[in-house]
Structures are given as C-alpha cells and as structure tokens.
Amino acid sequence: MKKYLPNEIKNVVLLGSSGSGKTILAEAMAFEGKVIDRRGTIENDNTLSDYSEIEHIYKRSIYPTQLFAEFNNLKLNIIDTPGSDDFCGGLFSAFKVADLGVMVINAQNGFEAGTEIQARYARKHSKPIIVFINQLDHEKANWEASLDSLRHNSQVKTVLVQYPLNPGPQFDSFIDVLLMKCFKFTGDNGERTEIPIPESELERAKELQNELIEAAAENDESLMELYFEKGNLSEDEIRSGLRLGIAKRDLIPVFCGSGRKDIGVKRLMEFITRVAPGPIEAPNFKTTDGEEIAPKTDGPTAIFIYKTAMEPHLGEISFFRVITGTLTEGMELTNTKNGNKEKISQIFLPAGKNRIKVPELCAGDIGCTVKLKAARTNQTLATAGINWSIEPIKFPEHRYRTAVKAVKTAEEEKLGEALNKAHFEDPTIVVEYSKELKQTIIYGQGEHHLNILKWQLNNNAKIEIEYFAPKIPYRETITKVAAADYRHKKQSGGAGQFGEVHIVIEPYIEGTPAPTKYKVEGREITLNVKGSETVDLDWGGKLIFYNSIVGGAIDARFFPAVLKGIMEKMEEGPLTGSYARDIKVTLYDGKMHPVDSNEISFKLAARNAFKEAFRKAGPKIMEPIYQVEVLVPSDRMGDVMSDLQNRRAIIEGMTSEKGFELLTARVPLAELYRYSTTLSSLSNGRASYTMKFLDYEQVPSDVQEKLLKAYVDSDKDE
C-alpha cells in the first residue's frame, strides 16, 4: 500500500441517530475505495462494521469501528460510531482523532433525537460537520421535511450542494449544484452517468448554485470581492470558500443519496477529499501543558492511543493516531505517563474485523497494533526524550449506577478481572468496590449500556451475574451538644480490662473556637483544652478531638486509643451504619487502673461512650445531593419537571436553547436510580442529562424514619 503523507489523509467520523444508515454508508465508502469488492448488509451480518456477535443480535452499532478507503489518490480513515447515546463514549474517542464529522440523516425521520444529541457533542468538540441525507430510496423518504427539520434545528447555516430529483422507491438521480451536473444511477453499485439537467430544474439549480456561491464567498473577503466583480465564482473558488466555512464551522454543506444503493457516495467522497479539512488544516493536537504539536513527518514520533479493544484470537488491540513523526514497524517508544518501553512489533490498517499489515504510518494517519505490554487508552507513546503527553479524551460523566455480584460466590474474583477489562475497552464503564457500602458498583451511561455489559460477562467471560439497586452512601451527624460516659470492665482470671471515659460532643462548624464550657443535662462542664487533633475524614467532613483531661485522670498514652475507638464508631455510624462526619469530641474525664488499663479497654470505652452521646445529640442522616442538568425539548418540559419534583428535586434554574430548555436541579441520589430510562421514556429519547455530586443535606424526617426502620429490620435479619 502507498505511504500517505499528512496532506493526503482525511479522518472522518460518521455520526447520526440509530437507524440513519451509517454502517451501510461506511460499507459503500469502503466499496468505492476498493477495500472490498462486494458490499455486505446488516440483515446478512456481513458488514465491515458491526461485526461482533452482540451487534448482529441487535442489528445496530454498539462499538465504534474503524475502516478506510483509498480514493482520488488520498486515504480516508472512517470511524463508524454508535447512534445510541448510551454508547457515546465511542463517539467521544472518535472525535479526538477525526478532523471532520459526516452527520447521516435518515430521510424518513429527518432531524431525530439522536441527531440533536450528537450535533450537540460535535459542537462541544468543535468538529466541522457536513450532512448526508440518506435512505432517499425508501418509500417513506421525505426530502423536503428532512431538509426543513435540519434547517430548523441546526445552529449553523446549512447550504445545499445537491438535491434529489425523485426521492422514493424509484430514486436514481440528483442534481449537484456545485458542479451544475445531473447524475443518474443504474444498478446498486454506484454506476453513474452524467445527463443534462432537466429543463424544468434549471432555474431551481441556478438559484441554489447562487446560494452556494454566496455562502462560499462570505468566508473570504477576496472571494466576496471577486464575486461582486464577476457575478460568479469558479468551481475551485467555490470549494475554497466552502473549505474555509467548514473549517470555521460557519456552514454545513448538505448532500443526498442512498448508502444501500450506493447513490451519491462517490460524490460525497470526492467532496471530502477535495474540500474537507485534513490533519494539516485541522487544529493541532495539544499537550497537557498546552503546547501545540504539528503533524510533521520528520523529527520525533508520537502516537496517541484513543481506543483499546479485546479480540478473541488476537488479544488486546490498541488503536492510535500518529500525532507527529513517522511510525515504523519495530520502533521502540516510551509511554510518557509511566516511562514504560513499548515495542511496535506490527502496524495494521483496520478495516472492520480485517487487518491489513503495513510497514509504516505518517503523522495524521490512524492505525492499530497488538501486544503492547501496558499502554492504555488516553496514553501517549513517543520516541525517547519526549516527555509531553497529548491532552486526554474527556469522557462524559456517568449517568447510571447499579450494584453487581456474581451468582456464584466463587466467581467474584473472576468477575473483578472481567470488569477491569471492560473498563479498559470502554472508559465510560467505571467500576468501584465500595468499602462503605460493601458492594461492587458499576457506573455507565444508561441501562442499555450496562445491559450490554451484562451480556458480555454472561456470554464472553462466562460469568453469570445479577444487577440490583445500589445502596446510598448516607452520612450521619448531630445537631446539638450531648455528653456520655462509659466504663469498660472485664475480669477473666489474670489481668483484666478497665477503661472509663467521659466525653462531650457537638456539631462541627467551620471557624468555631475550641470549647471552654458546656451545659449538658442541667450541669455545667468546664473545660481546659490542652491539645487538639483535626482529622480530615476520607469520606468528607471533619472530626475535631480535644484533650481536656486534668490531674492525670487518664494517661496520655491512652489518648490515641480513645481517638481510635471514636473513629471506628464513626466508620459505622450508630443510626444506619453509614459514615459519621462533622463532629467535635472533647475527652474531659475518665479513670484508669494501674494494672488492668490498656489500649483495648480505652478503645472500647470510647466507642460505647461515643455511640451513647451520638444518640442523644439530635442525630440526623445526611444524603448525597447531585446537581442534575437536563436538556429537554420545550414540549416535554412539563412532564420532565413534574417527574423531577416527584423525585424531591429542587429546580434552581431554567434557560432556553433553540427549542430546548436546560433545567438545573438539586436531586437526592436516592431518587436517581434508573432516571436515564425514565427520562428517555418521557421525552421519546430526545432529552439528555448530566449529574455531578454537590454536597450532603439532611434527609426529611419521614425519609429518616424509613431508613432507621430499614436498618433495624436488616439487623434482625442478620
């Protein structure tokens, strides 16, 4: 295969709603690029993309798939991405290495929910877009409605490059207003002939060409002057203006066709190769220090790993983009994160499940390799002496959580290993063992996302698992002052155990001084604080421990044991077993025995004294509160707001965004279980949301009563 230089490469990501036809379009592009000589179909499970068993079952993309095409003496790297927002992690990784997005729109449905969401992601990642209105051969295809919905919803100016003559089952021709040619297709393999533009369409074609010329000229003052001077622009001049407009994301060219019949695919590829930005024109990659790295073929080599996958017969495959330099087979690179050496033993061009071996790749190109020792997604490998790292992909925050366990206890360790592998393949799957909750928690983008993971574990890893509602990491605290004392005494033949502590506790409030006097249960306690220790708790909040012992009532060597006993009880709160936080504890008196006193005695005495004082100090349960931002279509806002209020949400703000409302609310985590599923149902899949931890707040009294009862009942069961 030819060696392609940075100016001969185009990196394209196909995006769009599920069912828009991205996979079949990718198949047609690979066919036109001579990568395959026969196109597969979704129905026959033989496309380059969607080659995994689970994708065959669901008949849609679940993982991003990389393929390529050689066309017009250039190379197109194409990444076919899932349309479901549950699998947006694959889209985010593709955005990192692609320079252009091709938004595929189903002509039956127009600008759908998935289109809205993915267009939003493209804006967030500053990716230029061109649109391909697909499936115009379907009996329900509606070109005008699709175009209207695109114009209504797009936040960037759209401009027609083509329009169809006969959308529907007989669709076989379109007019290209850039070339001012009419193309007619025969058969299903992209065979086209140029025919004169029908007389009835000449006026419309010229009108649309003028609109195209004006849109192109608006992006360049010299072109605008030329247009005013001549009243027209040449094809190359139009392309020049469009190239600038696309790169600046000021306009979106619109194409039409049918991936299934290979109508318009070749013309789309011609436009991409001649007009779309490639590695040279696209913004340079940046390092974590903000330095820009130009795609030069000479000098040091650096590659960025954007995806890791596991293949049954190959093992781990690392997909990468060459950021700078030239990568050659056998080259040794260094992981700039940890200093590990990695040898690139083989280089492949991926074409779906097929791999084509090549000796080298230049800056701007995309490929894959196998058998790296420890390199992972988001890491940079570079020649020795390069110490910078490419900015990592910022994957979306999780929106769904569930607890998981193996049905067979003996497979728990095996499950842990399989979940870690799942995270390496899909970083939007996050796995955490919660010591506090004593559960393994999995975080993902939605219920369907984690159901696919369950299928993989059941069928690929051969581990039967079950999901269940995760516990909530509540916190316990107090609202008033309380005192307690406890004597631990135990005699068992030899040396016994003896320790007595007197403590007073109060809520911790930032900035309050050390205590000097308390009035508790009708008596005054005067304190003389001799020392203090502040503990920043791992689970949030603080514990302030004051030593106010006078007269040597307790020897100083037992103070650490007293603090340890208090900490142990704070790790298993007296109310529900949740962590306790934000408490001041003053040890002001106690007793010891010259022979029987030891550390264990004072630790146990402190535990029980703290437990007793806590129960008398107006204890409250705190719950985690999340800030939730919901982007919802205006016509669904009422239903979504009503649902949020039923979840004890406090609506904090609302702003409008072209047919959408952005709701900001504070919502208890306990009320967010399966929220992604409910929101999708309420909005027909058009709404999306993010959630971020804010702080802890007291639960309402009725909720606290239920939690206390549930804890007592669980203790009885145990």
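Within the 3.5 Å criterion, the main-chain N or O of C362 finds no donor-acceptor partner in the side chain of T326. One N or O on the side chain of T380 and one on the backbone of I390 form a donor-acceptor pair closer than 3.5 Å. With N46 contributing its side chain and T41 its backbone, the two residues share a donor-acceptor pair below 3.5 Å. Here the side chain of S149 pairs a donor or acceptor atom with the backbone of S146 at under 3.5 angstrom. The closest donor-acceptor contact from the side chain of Q108 to the backbone of H138 lies at 3.5 Å or more, if one exists at all. Side-chain atoms of N72 do not come within 3.5 Å of backbone N or O of L74 as any donor-acceptor pair. When atom types are taken as modelled, the side chain of S93 and the backbone of G90 share a donor-acceptor pair closer than 3.5 angstrom. With E32 contributing its side chain and A28 its backbone, the two residues share no donor-acceptor pair below 3.5 Å. Using modelled atom types, one side-chain atom of T81 and one backbone atom of L14 make a donor-acceptor pair closer than 3.5 Å. Although no hydrogens or angles enter the test, the distance criterion places a donor-acceptor pair under 3.5 Å between the side chain of N335 and the main chain of K337.
In the displayed structure, K692 atom NZ is contacted under 6.0 Å by at most 12 heavy atoms of other residues, nucleotides or ligands. Counting non-hydrogen atoms of other residues, nucleotides and ligands closer than 6.0 Å to CG of N73 gives a total of 12 or fewer. In the displayed structure, K140 atom NZ is contacted under 6.0 Å by at most 12 heavy atoms of other residues, nucleotides or ligands.
In this structure, F71 and I272 have side chains that are not in contact, with every pair of non-hydrogen atoms separated by 4.5 Å or more. T428 is not listed as a side-chain neighbour of F92, based on a closest heavy-atom distance of 4.5 Å or more. The shortest distance between side-chain heavy atoms of K10 and L100 does not fall below 4.5 Å. Taking 4.5 Å as the limit, every side-chain heavy atom of D137 sits out of range of all side-chain heavy atoms of I263. The shortest side-chain heavy-atom distance between E397 and T690 does not fall under the 4.5 Å cut-off. Using a 4.5 Å heavy-atom threshold, the side chains of T377 and F319 count as separate. Considering only heavy atoms from C-beta on, F111 comes within 4.5 Å of I105 through its side chain. Proximity of P253 to I246: side-chain heavy atoms (C-beta onward) are separated by under 4.5 Å at one or more points.
The only member of I465, I429, L453 that meets side chain to side chain contact (heavy atoms under 4.5 Å, CB included) when paired with L419 is L453. For the pairing with Q118, the side chain to side chain contact (heavy atoms under 4.5 Å, CB included) check across I129, L91, D85, V13 returns one residue only, L91. A side-chain hydrogen bond (donor to acceptor under 3.5 Å, both in side chains) with E316 is found for one member of R376, K373, K371 and no other, namely R376. Checked options Y58, Y400, W455; the residue passing with H448 is Y58 (criterion: ring-ring contact (aromatic ring centres under 6.0 Å, His included)). With respect to S318, the side chain to side chain contact (heavy atoms under 4.5 Å, CB included) criterion is satisfied by exactly one of T369, I344, I303: T369. Considering R674, K454, R399 in turn, R674 is the only one that fulfils the salt bridge (Lys or Arg N to Asp or Glu O under 4.0 Å) rule with E447.
The minimum heavy-atom distance between S61 and P82, with the atom names listed, is O-CB, 3.5 Å. Closest heavy-atom contact between T334 and K341: OG1-NZ, 3.2 Å. Between R686 and A113, the shortest heavy-atom distance links the atoms CG-CB, 3.3 Å. Considering every non-hydrogen atom in both G257 and F132, the closest pair reads CA-CZ, 3.6 Å. Closest non-hydrogen pair, G367 versus L361, comes out as CA-CD1, 3.8 Å. Nearest approach of M269 to A69, heavy atoms of both residues: CE-CB, 3.9 Å.
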Practice item. Take K3 and D365 through the test salt bridge (charged side-chain N to carboxylate O under 4.0 Å, His left out) and record every step on the way to the result. Key: CA-CA 10 Å; K3 172 183 174 180; D365 214 339; over 6 Å; no

Exercise for review: Apply the test side-chain contact (heavy atoms from CB on, under 4.5 Å) to residues D99 and I9: give CA-CA distance (whole Å), side-chain angles for both, the deciding distance (0.1 Å), then the verdict.
Suggested key: CA-CA 10 Å; D99 302 315; I9 297 168; over 6 Å; no

Review point. Do I293 and W388 pass the side-chain contact (heavy atoms from CB on, under 4.5 Å) test, and can you show the C-alpha distance, the side-chain angles, and the key distance before you say yes or no?
Key: CA-CA 10 Å; I293 308 300; W388 42 255; 3.8 Å; yes

Exercise for review: Using the side-chain contact (heavy atoms from CB on, under 4.5 Å) rule, take F320 and L327 through it: C-alpha gap first, then chi angles, then the decisive distance, then the call.
Suggested key: CA-CA 11 Å; F320 59 82; L327 181 71; 3.5 Å; yes

Review point. Checking side chain to side chain donor-acceptor pair (under 3.5 Å) for the pair T336/S389: CA distance, chi angles, key distance, verdict?
Key: CA-CA 6 Å; T336 60; S389 298; 2.7 Å; yes

Practice item. Go through R267 and E270 one step at a time and tell me if the salt bridge (charged side-chain N to carboxylate O under 4.0 Å, His left out) criterion holds. Key: CA-CA 5 Å; R267 181 70 191 101; E270 288 171 350; 3.4 Å; yes

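Distance OG/S84 to CD1/I117: 8.5 Å, rounded to 0.5 Å. Separation of atoms NZ (K96) and CG (N11) is listed at 13.5 Å; rounding is to 0.5 Å. Atom OG1 in T158 sits 5.0 Å away from atom CZ in R151 (nearest 0.5 Å). For the atom pair I42 CD1 and R260 CZ, the distance stands at 12.5 Å (nearest 0.5 Å). Here CD1 of I79 is found 4.5 Å from CD1 of I366. Values are rounded to the nearest 0.5 Å.
A cation-pi arrangement is absent between R60 and F87, since the terminal nitrogen or guanidinium carbon is not both under 6.0 Å from the aromatic centre and inside a 45° cone about the axis. Taking the ring centre of F95 as origin, the terminal cationic atom of K127 falls outside the region bounded by 6.0 Å and 45° from the ring axis.
For the pair R243 and E281, the salt-bridge criterion is not met [side-chain N within less than 4.0 Å of a carboxylate O]. Using a 4.0 Å cut-off between charged nitrogen and carboxylate oxygen, E311 and K353 do not count as a salt-bridge pair.
Donor-acceptor pairing under 3.5 Å is lacking for the side chains of S49 and T23. Between the side chains of K75 and N77, at least one donor N or O lies within less than 3.5 Å of an accepting N or O.
Ring orientation note: the planes of Y443 and H398 are tilted relative to one another, at an angle of 30° to 60°.
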